[in-house]
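The figures that follow rest on heavy atoms only: side chains count, while hydrogens, waters and symmetry mates do not.
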Amino acid sequence: MLLSEVMAQQTPLARVEPAWREWMERWPTPEVLAAASPADVVRAWGRLGYPRRALRLREAAIAIVERHGGEVPRAQDDLLSLPGIGDYTAAAVAAFAFGDRSVVVDTNVRRVEARLISGQEQAAPSLTRAEKDLARNLLPVVDHDAAVWNVAVMELGALVCTARAPRCPDCPVRGRCAWLLGGRPAYDGPARRGQKWHGTDRQVRGIIVQTLRDAHVPVDRGDLAPGRDEVQVDRCLAGLIEDGLVEPVGAHHFSLPGHDEAQAG
DNA sequence: AAACCGTGGAA
DNA sequence: TTTCCAAGGTT
């Protein structure tokens, strides 16, 4: 559950599933994952995006082994202290893996509650205190009811109350949706900042890491992102090394971190 | 608090 | 073609 939730952070579930199956087969427990190299986990992460999630997952596995006897903790505080686990993922693991009553607020829940309760087409650009309060107040008191609620609201948002073309005629709560009853008014709040991609450092970082995933030997700096501005490549490289996603090998070559191939002994 | 961090499918 | 968006987290 923890693995699937981390993989699903900002990544569609349909793309997560095959990667999740392969990962679970290769590293079925925190103990074995903790023993894997960063290079191997970044490579196994494939093209799910945000590869530092793979590094943090491995670090989380180490922490689980060291601090929790190799068992994923159940308490929110313990979950939150794990690398790469934030409010959403901690709540999701508690709810979906342990059946606990926790306040699960993801993008689906935010959208459903924005429409159903607040009468707004979209939620605010970032999670607000009011949204957290609302979600907490709506959550059923009994543990099992809360667990069902969390799954139900997320599924409603994912399958019916979707971002682009909501299927209001099929919605089980269409009769009491503030947004629908209000005539589905267009969103009038602050605009979300669109994320740039083309030509950005993010794109170049992605190219570099993908190059290193494919190459199982150290790569010359000039071959990491062919055709790209050298100043930008150097900047991205420095950032990737700082992030622990890339490791220098010799003076001009680079590889994924912890890759012990070709190391003289 | 705002910016940054990947990727690919669909509108 | 461009834009939007996806079971967010960290700094």
Please give, in whole Å, the distance from [N] [atom2] to [X] [atom1]?
X	N	atom1	atom2	answer
Met7(A)	dC5(B)	CE	C1'	18 Å
His198(A)	dG6(B)	NE2	C1'	15 Å
Trp45(A)	dG6(B)	CH2	C1'	11 Å
Arg52(A)	dT7(B)	CZ	P	12 Å
Asp243(A)	dC4(B)	CG	P	14 Å
Leu240(A)	dC4(B)	CG	P	16 Å
Trp197(A)	dC5(B)	CH2	P	10 Å

Nearest-0.5 Å distance that lies between atom CG in Leu57(A) and atom CG in Leu2(A):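 The CG atom of Leu2(A) is 6.5 Å from CG of Leu57(A), to the nearest 0.5 Å.
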Euclidean distance, Leu212(A) CG relative to Arg43(A) CZ, rounded to 0.5 Å: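 So the gap between those two atoms works out to 8.5 Å.
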So what does [X] hit on the nucleic acid, given a heavy-atom distance under 4.0 Å: a base, only sugar-phosphate, or nothing?
X	answer
Gln122(A)	nothing
Arg235(A)	nothing
Ala92(A)	nothing
Asp87(A)	sugar-phosphate
Gln210(A)	nothing
Arg111(A)	sugar-phosphate
Gly49(A)	base

N/O to N/O distances under 3.5 Å, protein versus nucleotides 9-11 of chain B:
unit_1	atom_1	unit_2	atom_2	d
dA10(B)	O3'	Arg164(A)	NH1	3.1

Mapping Ile85(A) and Leu13(A) onto DNA chain C by nearest heavy atom, which one lands closer to the 5' end?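 Nearest nucleotide further toward 5': that of Leu13(A).
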Starting from the 5' end of DNA chain C, give me the residue, Pro12(A) or Pro83(A), whose nearest nucleotide shows up first.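 Result: Pro12(A).
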Would you check if the side chain of [X] reaches a backbone N or O of [Y] as a donor-acceptor pair within less than 3.5 Å?
X	Y	value
Asp223(A)	Val219(A)	no
Arg176(A)	Ile117(A)	no
Arg115(A)	Glu121(A)	yes

dG6(B) to dT11(C) separation - P atoms, rounded to the nearest Å: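 Looking at atom P only, dG6(B) and dT11(C) are 14 Å apart.
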With rounding to the closest Å, how many angstrom separate the P atoms on dC4(B) and dA7(C)?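 Their P atoms lie roughly 24 Å apart.
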Under a 3.5 Å cutoff, is there a donor and acceptor pairing between the side chains of Ser81(A) and Arg67(A)?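 The answer is yes; a qualifying pair exists.
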Under 3.5 Å, is there any donor-acceptor pair linking the side chain of Thr11(A) to the base of dG6(B)?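 Such a pair is found, so the answer is yes.
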Does atom CD of Glu31(A) have more than 12 heavy-atom neighbours from other groups under 6.0 Å away?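 Open.
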With a cut-off of 6.0 Å (strictly less than), are more than 12 heavy atoms of other residues, nucleotides or ligands near CZ of Arg184(A)?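 Correct, the count exceeds 12.
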Salt bridge check, Asp234(A) against Arg221(A): does any charged N sit closer than 4.0 Å to a carboxylate O?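 Here Arg221(A) pairs with Asp234(A) in a salt bridge, since their nearest N and O are under 4.0 Å apart.
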Taking the basic N atoms (NZ, or NE/NH1/NH2) and the acidic carboxylate oxygens, is any pair closer than 4.0 Å for Asp106(A) and Arg110(A)?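 No, Asp106(A) and Arg110(A) are not salt-bridged.
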Compare side-chain N and O positions of Arg47(A) against OP1 and OP2 of dG6(B) and report whether any pair is under 4.0 Å apart.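 Looking at the OP1 and OP2 atoms of dG6(B), neither is under 4.0 Å from any side-chain N or O of Arg47(A).
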Shortest non-hydrogen contact between Gly49(A) and Arg53(A), atoms and distance: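 The pair with the smallest heavy-atom distance is O-NH2, 2.6 Å.
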Going 5' to 3' along DNA chain C, which are the first and last nucleotides with any atom under 4.0 Å from a heavy atom of chain A?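 With heavy atoms of chain A under 4.0 Å away, the range is dA6(C) to dT10(C).
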Mapping Ser126(A) and Thr200(A) to their closest nucleotides on DNA chain B, which lands nearer the 5' end?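 Mapping each residue to its closest nucleotide by heavy atoms, the 5'-most match is Ser126(A).
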